[in-house]
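The structure appears right after this line, and notes come after that.
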Amino acid sequence: MSPSPLSILRIPLLAGLICLFFLHPRLGDVIAANPDIPNCPTTTFPEAIHVAGKLAVNPERGDSGPLACVISLHNVPTDATISCIDIQGLSNPVTISASADCCQPLTLALVVDTLAGGSCPEVFQLVRTWTATDACGNTKTAQQHLSIVDYSPPLFTVVPPTVTVECSDIPPPPIPGVGIQAVDACGVTVTITMQSSAVPGICPQSYTLTRTWTAADICGNTSTAKQTLYVVDTQAPQFLDPPADMTIACHVIPDPAPNLTILDNCAAQIEKTFTETMSGGGDCDLTIITRTWSTEDQCGNSDTYIQTITRGDTGGPVFSNIPPDATVECDDIPTADPGVTDDCDLSPEVIELTTLTAGSCPGNYTLFREWTASDDCGHVTTASQTLTVMDTHPPVITFTNPSLLALSSGDTLKSPCIAVETFDVNDAIVTDACDPDPVVLFIDSLIYDDGCKKLLYCEWRATDHCQNTSSFIFYMLVGDFEAPVLSNIPANLTISCELPIPAAGTPNVTDDCDLGPKILFQETTIGGSCPQAYQLIRTWTAVDNCGNTNAKSQTISVIDKKAPVLTPVDPFIAGLPSGSMLTVQCGQEPTFVSASVSATDNCDQSVSVGLQLNTVESDCSVSGFIRDITYTWTGTDDCGNSITYIIIVRVIDTIAPNFVTIPADVTLDCQDNLPTTTPTGSDNCGGLVEFTYQDDAQVTACTTLVTRTWIATDPCQNTVTATQTITLIDTSPPTLVGVPADITLACTDSIPHLLT
């Protein structure tokens, strides 16, 4: 019996396991074992098929077998309700296990799904699904449902402490989240609100302030925290800018007592009082004025301020502008007149005493000044000044001789060889601030004399009676100091290199001490940037007998500023000015080289000539020419002077193209298509030749004569024409269409009508 499409596979029991092969075997198939399933050998079955993961029964054979593997889950936790706080520690219970009676091994997987729950995000459902899968793909599942709830109120972590504060220093409510903080066990946002209440105390400025904060999470759980502020007023009112104690003169009337401004830290109602008493009196006795201000606020804090004014003669006269002790020069002793005032005596008596103590010389001494002042009440005051008088300035030397007025001590006075001047003690005037008759000396001596120059030493020395000494020294140099004088020196010149250098002249020379000074001549050449540019320095030096020299020079600057001259020598361009244009047919372009143009220069015997070419192509059909070739010759001399010569060669094409082949004349049947053969051609400039044609037809009785005119056009629109004759004749007879077919008729039939 052949197997049915769904055959039954009976699997033998091997090693206590029933192995399910997930195959669709056919008759005679070899079933391979699953390598992941232990004890599943390779087996050949005559009829086998696996249906829906179970072993079926073959009713034709009477076979039967066990069902698929049985999977069991153990210790599955029951459904529960937990707080959102505990969800952080929720984990897969390790007691969950699975077993199967075949198809080992088993795998156990957990999937957790979150489902919406209550009115806030912290209330939700967790569904935990465990799935056990055996090696043959059979599965078994179990579930636990967890209801997550939030019954935990927020917890305050930062709360301001209870404090006692002055009524003027009540702290502002803290900012929620900064000075007052709360957290929620489930990690949600907490909202903090505040309410305040006050309980009165013993006075308006003393009371108890209670601040109550409520923390609420988004699930409606709340908690509270409180801060108590004991507000007190312990500070007494303060007087603003109270007057200080003072002592005034006996003739001064004090100002009325001011109405003092009072400040209180809590702006309470203030009670204040003021009293004033006076004691004493008389011309030289003291009068005491006592002023008392008192304050008290609503909480019993009080303050008292007392000002004492003392009036009368409380001391002796007072000196002002007392000059300080000083050390001064004998010619600069300052005057002194100190001022004196008294509280009760408008004109106190002042006595001055001066004492002089001699020093080491008439100009050095000590001057002591003492002033004594007394008032009507017998009070006495003294003041003094000590001046140390010194003579430290030496005498001053000035000159009356005009030759010495511009000199400073140590200078050298030069006197030429033709003039000699003498000096003595009477040429100077000596003065001293403290000595009317200082001692004056004049000293002179010869230092050296070499024949051309003589150096003399001159000194005026003055000393006062305190041995302060000053001196004026100068040196007198007599001799030949002046160099010879040169005149008639040629002026500086700038000449072009092609001109001759002028001859050197002979200048004139004079000297104040030498009647025949010598003249030395030297000529030096300084090269420039090129051989034709340089400087010629001519120097004349005059020397007298004492070696004094004077040099004058002339500078001749030789320059080359002229550019070379370019002359075209090629016959094509000889005589043409620069910038000229030559127009030539294509293929007839001249060839130029550097030597096509010669160069000459005013100073350079060998001028280099360079040639550059620049070709610009053109659209001949638009511009009328093919290209412009620009030849530029540049001639440059050794000094960099350059000139250019330019010729433009314009290449044109005015020659028409040529036909190389022309389609032959033909005779065709009138029903034939006209020929499409095109001619060929060439152009003298190598351009692409385009061909167009025009047909002219003349029809006679049986012949049509078509004259085809071919037009050849080159890129410069030059044209040439050629003709081709096409003769069309009618050589085909007419063709009948719709001729009736042959028919056979009975004698009695009518002959059909002739169709037209």
Side-chain angles (χ1 to χ4, degrees), residues 326-335 356-367 386-485 509-517 542-550:
T327 298
V328 297
E329 285 293 323
C330 57
D331 60 338
D332 192 23
I333 299 174
T335 61
L356 188 146
T357 303
S360 59
C361 65
N364 294 345
Y365 56 91
T366 300
L367 185 63
T386 299
L387 295 176
T388 302
V389 182
M390 304 290 292
D391 183 4
T392 62
H393 293 167
V396 178
I397 301 174
T398 57
F399 294 100
T400 58
N401 190 316
S403 300
L404 303 174
L405 294 178
L407 292 179
S408 298
S409 184
D411 286 352
T412 298
L413 178 65
K414 290 184 177 181
S415 179
C417 57
I418 59 176
V420 177
E421 188 172 4
T422 60
F423 303 98
D424 58 26
V425 69
N426 296 318
D427 289 319
I429 297 176
V430 179
T431 58
D432 188 80
C434 301
D435 187 353
D437 190 19
V439 178
V440 182
L441 298 176
F442 176 74
I443 304 168
D444 63 342
S445 63
L446 176 65
I447 298 176
Y448 72 84
D449 185 354
D450 63 2
C452 281
K453 295 182 181 64
K454 180 169 58 176
L455 183 62
L456 300 174
Y457 174 82
C458 300
E459 179 186 359
W460 283 266
R461 186 179 300 166
T463 305
D464 64 14
H465 54 204
C466 284
Q467 300 305 306
N468 299 304
T469 301
S470 62
S471 63
F472 187 93
I473 298 172
F474 79 92
Y475 301 91
M476 185 172 181
L477 186 61
V478 181
D480 187 0
F481 308 110
E482 301 294 332
V485 177
V509 60
T510 58
D511 189 79
D512 56 354
C513 297
D514 186 353
L515 299 179
V543 184
D544 63 14
N545 290 333
C546 288
N548 299 304
T549 62
N550 185 18

> Can you tell me how far the CG atom of Asn545 sits from the CG atom of Asp480, to the nearest 0.5 Å?
Replying inline: 8.0 Å
> Hey, does Pro416 have a side-chain heavy atom less than 4.5 Å from the side chain of Glu482?
Replying inline: no
>> Assess the residue pair Val485 and Asp511 against the criterion (side chain to side chain contact (heavy atoms under 4.5 Å, CB included)); give the C-alpha distance rounded to whole Å, side-chain angles, the decisive distance to 0.1 Å, and a yes or no.
In response: CA-CA 6 Å; Val485 177; Asp511 189 79; over 6 Å; no
>> Between Asp411 and Ser408 (side chain of the first, backbone of the second, donor and acceptor by atom type, cut-off under 3.5 Å), is there such a pair?
In response: yes
>> What verdict does the side chain to side chain contact (heavy atoms under 4.5 Å, CB included) test give for Val389 and Ile333, after you've listed the backbone C-alpha separation in whole Å, the side-chain angles of each residue and the deciding distance to 0.1 Å?
In response: CA-CA 8 Å; Val389 182; Ile333 299 174; 4.2 Å; yes
> Tell me, do Thr398 and Val396 make a side-chain contact under 4.5 Å, heavy atoms counted?
Replying inline: yes
> Counting only N and O atoms by type, is there a donor-acceptor contact under 3.5 Å from the side chain of Asp435 to the main-chain atoms of His465?
Replying inline: yes
> To the nearest 0.5 Å, how far apart are OH in Tyr365 and CG in Leu356?
Replying inline: 6.0 Å
> Are Arg461 and Val440 close enough, and set up right, to give a side chain to side chain contact (heavy atoms under 4.5 Å, CB included), and what steps lead you there?
Replying inline: CA-CA 6 Å; Arg461 186 179 300 166; Val440 182; over 6 Å; no
> At their closest point, which heavy atom of Pro484 faces which heavy atom of Val509, and how far apart are they?
Replying inline: CB-CG2, 3.7 Å
> Can you find a heavy atom in the side chain of Leu413 that is under 4.5 Å from one in the side chain of Leu407?
Replying inline: yes
> Under 2.5 Å between the SG atoms of Cys546 and Cys513?
Replying inline: no
>> List the residues meeting side-chain contact (heavy atoms from CB on, under 4.5 Å) with Asn401, not counting sequence neighbours, and say none if there are none.
In response: Ser403, Leu404, Glu421, Phe423, Asp427
>> Restricting to ring-ring contact (aromatic ring centres under 6.0 Å, His included), what partner residues turn up for Phe399, sequence neighbours left out?
In response: Trp460, Phe472
> Can you check whether Pro394's main-chain N or O pairs, donor with acceptor, with Ser470's side chain at less than 3.5 Å?
Replying inline: no
>> Under a 3.5 Å distance rule, please check whether Asp544 uses its side chain to pair with a backbone N or O of Asn548 as donor and acceptor.
In response: yes
> Should Cys466 and Cys434 be marked as a disulfide bond (SG atoms under 2.5 Å apart) after you check the CA-CA gap, both sets of side-chain angles, and the distance that decides it?
Replying inline: CA-CA 9 Å; Cys466 284; Cys434 301; over 6 Å; no
> Under 6.0 Å from the CG atom of Leu515, do we count more than 12 heavy atoms belonging to anything else shown?
Replying inline: no
>> Once rounded to the nearest 0.5 Å, what's the spacing between atom CG of Asp444 and atom CG of Asp424?
In response: 9.5 Å
> Is a donor on one side and an acceptor on the other found under 3.5 Å between the side chain of Asp391 and the backbone of Cys330?
Replying inline: no
>> Distance check, rounded to the nearest 0.5 Å: Met390 atom CE versus Asn364 atom CG?
In response: 4.5 Å
>> To the nearest 0.5 Å, what is the distance between CD on Glu459 and OH on Tyr475?
In response: 9.0 Å
> At what distance, to the nearest 0.5 angstrom, does CD1 of Ile447 lie from CG of Leu455?
Replying inline: 4.0 Å
> Are side-chain N/O atoms of Thr469 and Thr463 paired as donor and acceptor at under 3.5 Å?
Replying inline: yes
> Which atoms form the tightest heavy-atom contact between Asp331 and Ala433, and what is the distance?
Replying inline: OD2-CB, 3.0 Å
> Closest heavy-atom contact between His393 and Asp464?
Replying inline: O-OD2, 3.4 Å
